[in-house]
Amino acid sequence: MRHAAPQDQDEAVAAIHAAILRIPKGWIATYGQIAAMAGLPRRARLVGRVLQRLDPATKIPWHRVINAKGEVSYSSSRNGGDSLQQHLLEREGVEFDARGRCDLRRFRWLG
DNA sequence: GTTATGACTTCAC
DNA sequence: CGTGAAGCCATAA
């Protein structure tokens, strides 16, 4: 058989969603961390791609997912507001720097 | 088929 | 801590 896993990618996306949903409130996780706990060690980019393509009314706490720099990633065509994500995190107790960065070693979810 | 781009990561300077 | 370069993977043209 040539195709052993035709919808393998779909499972990966589902795993990413589950991992993000697993993040407790007031904590944050990086793309690489999410990818790793989802079983995708080298697919941090895939996580970002999934988050950009998910629905505007999703129940996924996408605002808890940030990059390795501890800052909220921004896109040219992101849907919604620019400071929305930071605002949501601040609401959950995450402190942000004046530059829009937070201390990863303090708020990063260990899993 | 190749080339370019992107909600990324990591190392080196 | 900032900037630059290389790496990895999926989507689009």
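By convention in this document, chain letters (A, B, ...) are assigned in the order of the sequence lines, proteins followed by strands, and residues within each chain are numbered from 1. Because only heavy atoms are used, hydrogens play no part in the values below, and waters and symmetry mates are left out as well, while side chains stay in.
Atom P of nucleotide dA7(B) and atom CG of Leu84(A) are separated by 17 Å, given to the nearest angstrom. When rounded to the nearest whole Å, the span between CG of Leu40(A) and P of dA7(B) equals 19 Å. Between Tyr31(A) atom OH and dT9(B) atom C1' the separation is 12 Å, expressed in whole Å. With rounding to whole Å, Lys69(A) atom NZ is found 8 Å from dT9(B) atom P. Rounded to whole angstrom, the span from the CZ atom of Arg43(A) across to the P atom of dT10(B) amounts to 16 Å. In this structure, Ile16(A) places its CD1 atom 15 Å from P of dA7(B), rounding to the nearest Å. In this structure, Glu71(A) places its CD atom 13 Å from C1' of dG2(C), rounding to the nearest Å. Taking atom CG of Leu51(A) as the reference point, atom C1' of dG6(B) lies 13 Å away to the nearest angstrom.
Considering only side-chain atoms of Asn67(A), the nucleotide from dA12(C), dC8(B), dA10(C) that sits closest is dC8(B). Here the nucleotide nearest the side chain of Arg49(A), chosen from dA7(B), dT9(B), dT11(C), is dT11(C).
Within the 4.5 Å cutoff, side-chain heavy atoms of Val65(A) are placed close to those of Leu51(A). Counting heavy atoms from C-beta outward, Trp109(A) and Arg22(A) have side chains that approach closer than 4.5 Å. By the 4.5 Å heavy-atom criterion applied to side chains, Arg43(A) and Tyr31(A) are not counted as neighbours.
Distances shorter than 4.0 Å separate none of the side-chain N or O atoms of Arg64(A) from OP1 or OP2 on dA7(B). Using a 4.0 Å cut-off, some side-chain N or O of Arg101(A) falls inside it from OP1 or OP2 of dG2(C). In this model, the phosphate group of dT11(C) is approached by a side-chain N or O of Gln9(A) to a distance below 4.0 Å at OP1 or OP2. Here Thr30(A) does not reach the OP1 or OP2 of dC8(B): none of its side-chain N or O atoms lies under 4.0 Å away. Between Arg45(A) and the phosphate of dA7(B), there is no side-chain N or O to OP1/OP2 separation shorter than 4.0 Å.
Gln85(A) contributes a side-chain N or O that, together with a main-chain N or O of His63(A), makes up a donor-acceptor pair within less than 3.5 Å.
Nucleotides of DNA chain C nearest to Arg99(A) and Arg42(A) differ in position, and the one nearer the 5' end is that of Arg99(A).
Ion pair Asp97(A)/Arg99(A) not flagged as a salt bridge, since none of the NZ, NE, NH1 or NH2 atoms sits closer than 4.0 Å to an Asp/Glu carboxylate oxygen.
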